[in-house]
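Here's a structure for you.
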Amino acid sequence: MKAVVFHGIGDIRLDDVPEPSLQDETDAIVRLTSSAICGTDLHFIRGTMEGVKPGTILGHEGVGVIERLGAGVRNFNIGDRVIIPSTIACGFCSYCRAGYYAQCDTVNPNGKDAGTAFYGGPRQTGPFDGLQAEKARVPYANVNLVRIPDEVSDEQAIMLSDIFPTGYFGADLADIKPGHTVAVFGCGPVGQFAIASAKLLRAGRIFAVDAVPDRLEMARAQGAETVDFNAEDPVETIKRLTGGIGVDCAIDAVGVDAVHAHAGPAAADPAIAGHERDAGELAPHAQPRKGQWQPGDAPAQALDWSVRALAKAGTLSIIGVYPPTDRIFPIGMAMNKNLTVRMGNCNHRKYIPALVDLVRAGAIDPAAILTRREPLVSAIDAYRAFDTRQPGWIKVELAPAGH
């Protein structure tokens, strides 16, 4: 079968690889009908998050049809259409039972303290082969699959595998209450869903901070008040527009590459791995201004903006991806403002069923975020366009042959 395979920093290829097989009685084999490219994938290719084993199939967003089932999977049938949640969980440990699926004690073969297990990630996450392929093995399939209703299309469902629940998770962590004023830093796919989720939670006002025109236009179409950080100081602007108070809630939907935009190792293909824009939700091209992040200073631009834009006693939600080795945070400023700080990897399985119901009911159409649909065989070209933030490449679906 065809799959997008990691060979090294700056080196990904569309390879022929063996089809997956059942390894445990709780496994399922899913024939993918839809996958997607995520900014997190670019972290691995650029080397801003290290440790991906050469030969690993990339991708952690997938929708498909069950082709084979282990004898221990009792709640699905062959032929069911399913969403594959990005993070992997057992469903029976104390963390899973409390809804912290991303902190499962069982799934990660590196041990309880190794962190979140997910598809297509570094060694410390498993590694589990990813979903940018024609077929995939899903462990603990009774928990790690969610059935898709007939009323929900594949284009809608692929947004529910990762980025919609992650955006909703960010809004949930931010503790948004009706009437709250919210700032979302980064208007890529996750940021767009953070905006949509803030609306679902009845936020009063939403500020969307980015510098990429089509991202800002999409945020404005959702009703957010846009702030172009290349044209104006985002903190000063937010403070001015809130009467000097700041926002009640801030969501960092950016992650590591806005922090380490110039720090990654040289890449074999600069179109994929060496481009200066980040793999997350915010392109770090703002011209430095007095009091703002400067190259060579403690590189926490998005976090710094978020903390400074918050009102006293506000809440900061961090859902952008940062590596375990990062130690940079403006702790003194946050403490002196009595901020609440909440963060983490999304517990996808907790949120997906309820979001499926919202989509089924017509309360939201997540496919509105999807801007490109490309065949899997064109994945490498699609990565290049996505990485360089070509206009119209906000979110990219990959479709295997025949779909």
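All heavy atoms count here, side chains included; hydrogens, waters and symmetry mates do not.
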- prompt: Stepwise, does the salt bridge (Lys or Arg N to Asp or Glu O under 4.0 Å) test hold for Arg31 with Glu134?
  reply: CA-CA 6 Å; Arg31 174 173 52 82; Glu134 293 182 306; over 6 Å; no
task: Decide side-chain contact (heavy atoms from CB on, under 4.5 Å) for Asp365 and Gln156; before the verdict, give the C-alpha distance in whole Å, the side-chain angles of both, and the deciding distance to 0.1 Å.
output: CA-CA 7 Å; Asp365 179 12; Gln156 293 172 319; 3.0 Å; yes
task: Kindly determine whether Asp16 and Lys2 satisfy salt bridge (Lys or Arg N to Asp or Glu O under 4.0 Å), including the steps that lead there.
output: CA-CA 5 Å; Asp16 287 305; Lys2 297 289 186 183; 3.2 Å; yes
message: Could you go through Val5 and Thr56, starting from their C-alpha distance and side-chain angles, then the distance that decides it, and tell me whether this counts as side-chain contact (heavy atoms from CB on, under 4.5 Å)?
response: CA-CA 6 Å; Val5 179; Thr56 301; over 6 Å; no
message: Can you tell me how the ring of Tyr95 sits relative to the ring of Tyr100, calling it parallel under 30°, perpendicular over 60° and tilted otherwise?
response: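 Plane angle over 60°, so perpendicular.
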query: Are there more than 12 heavy atoms of other residues, nucleotides or ligands under 6.0 Å from atom CZ of Arg123?
result: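 Counting other residues, nucleotides and ligands, CZ of Arg123 exceeds 12 neighbours.
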query: Looking just at side-chain N and O atoms, do His180 and Asp175 make a donor-acceptor pair shorter than 3.5 Å?
result: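 No, Asp175 and His180 have no side-chain donor paired with an acceptor closer than 3.5 Å.
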Donor + acceptor pair across side chains of Arg220, Thr226 (<3.5 Å):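 Arg220 vs Thr226: donor-acceptor pair found between side chains.
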task: Please test Ile84 against Val146 for side-chain contact (heavy atoms from CB on, under 4.5 Å), starting from the C-alpha separation and ending with a verdict.
output: CA-CA 7 Å; Ile84 306 174; Val146 176; over 6 Å; no
Ile364 CD1 to Ser197 OG distance, which is reported to the nearest 0.5 Å: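 Atom-to-atom, Ile364:CD1 and Ser197:OG are 6.5 Å apart.
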query: Would Val209 and Val184 count as a side-chain contact (heavy atoms from CB on, under 4.5 Å) if you check the C-alpha gap in whole Å, the side-chain angles of each, and the deciding distance to 0.1 Å?
result: CA-CA 6 Å; Val209 182; Val184 177; over 6 Å; no
message: Is a donor from one side chain sitting under 3.5 angstrom from an acceptor on the other, for Ser35 and Glu61?
response: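 On atom types as modelled, these side chains do not qualify, holding no pair under 3.5 Å.
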- request: Keeping the roles fixed (side chain from Asp214, backbone from Gly392), state whether a donor-acceptor pair exists under 3.5 Å.
  value: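 It does hold such a pair.
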task: For the residue pair Phe128 and Tyr119, categorise the inter-ring angle as parallel (less than 30°), tilted (30 to 60°) or perpendicular (more than 60°).
output: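 Perpendicular, since the angle between the ring planes exceeds 60°.
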From CD1 (Ile319) to CE (Met343), nearest 0.5 Å: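 Reported value, rounded in 0.5 Å steps: 12.5 Å.
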query: Just by modelled atom types, is the Lys395 backbone N or O under 3.5 Å from a matching donor or acceptor in the Thr371 side chain?
result: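 Side chain of Thr371 to backbone of Lys395, a donor-acceptor pair under 3.5 Å: yes, one is there.
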- request: Could you go through the salt bridge (Lys or Arg N to Asp or Glu O under 4.0 Å) check for Arg372 and Glu397 one step at a time?
  value: CA-CA 6 Å; Arg372 300 287 301 195; Glu397 179 188 12; over 6 Å; no
task: Return yes if some donor-acceptor pair links the side-chain N/O of Arg81 with the main-chain N/O of Val152 below 3.5 Å, else return no.
output: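 Such a contact is found between Arg81 side chain and Val152 backbone.
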- prompt: Does any N or O in the side chain of Asn144 come within less than 3.5 Å of the main-chain N or O of Ile88, such that one atom is a donor and the other an acceptor?
  reply: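 Between the backbone of Ile88 and the side chain of Asn144 there is no qualifying donor-acceptor contact (under 3.5 Å).
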message: If we count only N and O atoms by modelled type, under 3.5 Å, do the side chains of Thr33 and Asp154 hold a donor and an acceptor together?
response: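 Judged by distance alone, the side chains do pair up.
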message: Between Tyr322 and Asp252, is there a side-chain donor-acceptor contact under 3.5 Å, judged purely by atom types and distance?
response: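 Per modelled atom types, Asp252 and Tyr322 side chains form a pair under 3.5 Å.
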CG/Asp113: more than 12 non-hydrogen atoms of other groups inside 6.0 Å: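 Open: at most 12 neighbouring heavy atoms sit under 6.0 Å from CG of Asp113.
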- prompt: Have Asn110 and Asn108 got a donor and an acceptor in their side chains that come within less than 3.5 Å?
  reply: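 Asn108 and Asn110 do have a side-chain donor-acceptor pair below 3.5 Å.
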- prompt: Within the distance-only criterion (no hydrogens, no angle test), does the side chain of Asn336 pair as donor or acceptor with the backbone N or O of Met333 below 3.5 angstrom?
  reply: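 Not a single qualifying donor-acceptor pair exists.
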- prompt: Donor-acceptor pair, Gln124 side chain versus Gly51 backbone, under 3.5 Å?
  reply: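 The answer is no, because no donor-acceptor pair under 3.5 Å joins these two groups.
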query: Does Cys346 offer a backbone N or O that forms a donor-acceptor pair with the side chain of His348 under 3.5 Å?
result: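 Pair found, side chain donor or acceptor close to backbone of Cys346.
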task: Using modelled atom types only, decide if a donor and an acceptor are shared between the side chain of Asp210 and the backbone of Cys187 within a distance under 3.5 Å.
output: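 Here the side-chain-to-backbone pair exists.
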Heavy-atom neighbours of Phe76 CZ exceed 12 at 6.0 Å: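 Counting neighbours around CZ of Phe76, more than 12 heavy atoms of other residues, nucleotides or ligands fall under 6.0 Å, so yes.
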query: Does a side-chain heavy-atom distance below 4.5 Å link Asp162 with Cys38?
result: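 In contact.
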message: When you measure from the side chain of Asp15 to the backbone of Val17, do you find a donor-acceptor pair of N or O atoms at a distance under 3.5 Å?
response: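 The answer is no, because no donor-acceptor pair under 3.5 Å joins these two groups.
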Side-chain H-bond candidate by donor/acceptor type, Tyr383 with Gln132, under 3.5 Å: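 There is such a pair (donor and acceptor under 3.5 Å, judged by atom type) between the side chains of Tyr383 and Gln132.
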field: CD1 on Ile83 to CD1 on Ile148, rounded to 0.5 Å
entry: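 Here the rounded value is 4.5 Å.
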query: Is Lys239 paired with Asp233 through a side-chain N to carboxylate O contact shorter than 4.0 Å?
result: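 Judged by the 4.0 Å cut-off on N to carboxylate O distance, Asp233 and Lys239 do not form a salt bridge.
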- request: Check whether more than 12 heavy atoms from other residues, nucleotides or ligands sit under 6.0 Å from atom OH of Tyr101, and answer yes or no.
  value: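 Above 12, so yes.
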message: Between Thr116 (side chain only) and Ala102 (backbone N and O only), is there a donor and an acceptor less than 3.5 Å apart?
response: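 Here the side-chain-to-backbone pair exists.
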